[in-house]
Student: 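Would you mind keeping the following structure in view while I ask a few things?
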2 protein chains.
Amino acid sequence: MTRVVNRLPSLPIERALKTISGRWKAVILYHLMDGPKRLSALQRLLPQISQKVLVQQLRELEEHRLVDRKVFGQVPPRVDYSATPLGLSLQPIMLALCEWGTHHARELDESR
Amino acid sequence: MTRVVNRLPSLPIERALKTISGRWKAVILYHLMDGPKRLSALQRLLPQISQKVLVQQLRELEEHRLVDRKVFGQVPPRVDYSATPLGLSLQPIMLALCEWGTHHARELDESR
DNA sequence: CTGTATCCGTGCCGATACTG
DNA sequence: CAGTATCGGCACGGATACAG
């Protein structure tokens, strides 16, 4: 496994968009907004994602400091994922995006 | 050339993100925010994009009603691209994203 | 000037199987 | 329970050439 730096764009808006676009990132973040969750919990909340992809998206979110990963040294293993302050700071934006999304859907339906 | 419906996700936030994420869409929209532009003008503003991709991104923006395409029946041809009301309604969100992007960059740099 | 057509690399998922 | 390994499809973006 090779470590890749995966540098984000320098243009602010591109940077912002790149950090939160990813097939499941928004939804994952949404679920982490109301408290830490274990991997298994996220799997139950998002049955459509394969485990590999879920972990993958979490890793990227972690790399960009939107999500924190806390490992408890136990057997059986336990790992908690939670939104960082930086991740939480996205809440208003995500809300706005959500509203705009519904607005957009309504507008498009009207023109048919 | 086959017509593809390219249906957007139904979950509002995914829909919103999908409509505006695309390698150059945000920047293109940004430039169209302050008035209509011809294709050649956009090419000058965005020298990094190949013409094919530029047109491609514009077509998708048009399909999603963020951009309007106005053809003047002339020789030589003239086409103006402009932001629709729906496109303009993204302005506050794009601004927020932009601010968040800079904020994010600062935060990451601090932890080094 | 405003586009298509073609060809192609690579990155993002996704399914499935296996592991500590 | 919380992961990795492997393989593969396919959409996305990019370079380049051609066309009305």
Side-chain angles (χ1 to χ4, degrees), chain A residues 1-9 11 14 17-28 31-32 36-64 67-82, chain B residues 1-9 11 14 17-28 31-32 36-64 67-82:
Chain A
M1 210 210 106
T2 12
R3 197 160 254 302
V4 181
V5 182
N6 221 344
R7 200 147 185 69
L8 290 170
L11 200 55
E14 293 186 345
L17 282 174
K18 184 145 197 177
T19 40
I20 57 180
S21 36
R23 186 62 188 84
W24 301 100
K25 289 185 186 172
V27 208
I28 292 176
H31 282 295
L32 291 183
K37 302 255 182 310
R38 304 184 57 165
L39 183 68
S40 45
L42 288 172
Q43 298 194 72
R44 252 172 279 119
L45 288 167
L46 307 165
Q48 318 211 41
I49 323 181
S50 83
Q51 193 185 32
K52 182 210 136 187
V53 174
L54 175 57
V55 174
Q56 202 173 266
Q57 302 272 305
L58 283 167
R59 291 284 178 281
E60 292 179 22
L61 287 169
E62 192 193 351
E63 182 187 349
H64 298 145
V67 159
D68 188 55
R69 179 169 170 270
K70 184 174 186 182
V71 185
F72 300 78
Q74 297 181 357
V75 178
R78 168 177 175 180
V79 178
D80 274 18
Y81 291 93
S82 59
Chain B
M1 210 209 104
T2 12
R3 200 162 251 302
V4 181
V5 181
N6 221 346
R7 200 148 187 67
L8 290 172
L11 199 55
E14 293 185 346
L17 282 174
K18 184 144 198 176
T19 41
I20 58 180
S21 36
R23 183 63 187 86
W24 301 100
K25 289 185 185 171
V27 207
I28 292 176
H31 283 295
L32 291 183
K37 303 256 181 308
R38 304 184 55 165
L39 183 69
S40 44
L42 288 172
Q43 297 195 74
R44 252 172 279 119
L45 288 167
L46 306 166
Q48 317 212 40
I49 323 181
S50 83
Q51 192 185 35
K52 181 210 137 188
V53 174
L54 175 58
V55 174
Q56 203 172 264
Q57 301 273 304
L58 284 168
R59 291 284 179 280
E60 292 179 23
L61 288 169
E62 192 193 351
E63 182 186 348
H64 299 145
V67 160
D68 188 56
R69 179 168 171 271
K70 185 174 186 183
V71 185
F72 300 77
Q74 299 182 356
V75 179
R78 168 178 175 179
V79 178
D80 275 17
Y81 290 94
S82 59

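Throughout, a chain's letter reflects where its sequence line sits, starting with A, and its residues are numbered from 1.
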Student: Would B/H31 and B/L46 count as a side chain to side chain contact (heavy atoms under 4.5 Å, CB included) here? Give the steps.
Tutor: CA-CA 10 Å; B/H31 283 295; B/L46 306 166; 3.8 Å; yes

Student: Would you mind writing out the side-chain donor-acceptor pairs for residues 48-58 of chain B within the sub-3.5 Å range, not counting sequence neighbours?
Tutor:
residue : atom : partner : partner atom : Å
B/S50   : OG   : B/V53   : N            : 3.4
B/Q57   : OE1  : B/W24   : N            : 3.2
B/Q57   : OE1  : B/K25   : N            : 3.4

Student: Scan nucleotides 9-14 of chain D nucleotide by nucleotide, 5' to 3', and note B when protein non-hydrogen atoms come under 4.0 Å of the base, S if they reach only the sugar-phosphate, - if neither.
Tutor: ----BB

Student: Please report the distance, rounded to the nearest Å, between CD in A/E63 and P in C/dC12.
Tutor: 11 Å

Student: Specify the separation, in whole Å, of atom CG of B/L39 and atom P of D/dA19.
Tutor: 19 Å

Student: Quick check: do A/V79 and A/R38 have side-chain heavy atoms less than 4.5 Å from each other?
Tutor: no

Student: Under 4.0 Å: is that the gap between some side-chain N or O of A/R38 and OP1 or OP2 of D/dA2?
Tutor: yes

Student: Can you tell me how far C1' of D/dT4 sits from CG of A/L54, to the nearest Å?
Tutor: 14 Å

Student: Please give, in whole Å, the distance from C/dC13 P to A/R59 CZ?
Tutor: 16 Å

Student: Can you pull out every salt bridge (charged side-chain N to carboxylate O under 4.0 Å, His left out) where at least one residue sits in residues 69-79 of chain A? Sequence neighbours excluded, please.
Tutor: A/R78-A/D80

Student: Using five base pairs at each end, measure the axis-to-axis angle across the helix from C/dC1-D/dG20 to C/dG20-D/dC1 and round it to 10 degrees.
Tutor: 40°

Student: Mind checking side chain to side chain contact (heavy atoms under 4.5 Å, CB included) for B/P9 and listing every partner two or more places apart, or none if nothing turns up?
Tutor: B/E14, B/K18

Student: Please check the phosphate of D/dA2 (OP1 and OP2 only) for any side-chain N or O of A/R69 closer than 4.0 Å.
Tutor: no

Student: Of all the heavy-atom pairs spanning A/T19 and A/L61, show the shortest one and how long it is.
Tutor: O-CD2, 4.4 Å

Student: Please write out each protein N/O paired with an N/O of nucleotides 18-20 of chain C under 3.5 Å, distance rounded to 0.1 Å.
Tutor:
none

Student: Are the side chains of A/Q43 and A/P47 in touch, meaning some heavy atoms are under 4.5 Å apart?
Tutor: no

Student: Is the phosphate of D/dG3 approached by A/Y81 (side-chain N or O, under 4.0 Å from OP1 or OP2)?
Tutor: yes

Student: Got a sec, which residues hit side chain to side chain donor-acceptor pair (under 3.5 Å) with A/R59, two or more places apart in sequence or on another chain?
Tutor: A/Y81

Student: Within the 4.5 Å heavy-atom criterion, are B/L42 and B/L32 side-chain neighbours or not?
Tutor: yes

Student: Going by the rule side chain to side chain donor-acceptor pair (under 3.5 Å), which residues pair with B/K37 if we only count those two or more places apart in sequence or in a different chain?
Tutor: B/D34

Student: What is the distance from CD of B/Q74 to P of C/dG3, rounded to the nearest Å?
Tutor: 13 Å

Student: What are the two closest non-hydrogen atoms of B/A26 and A/L17, and how far apart are they?
Tutor: CB-CD1, 3.9 Å

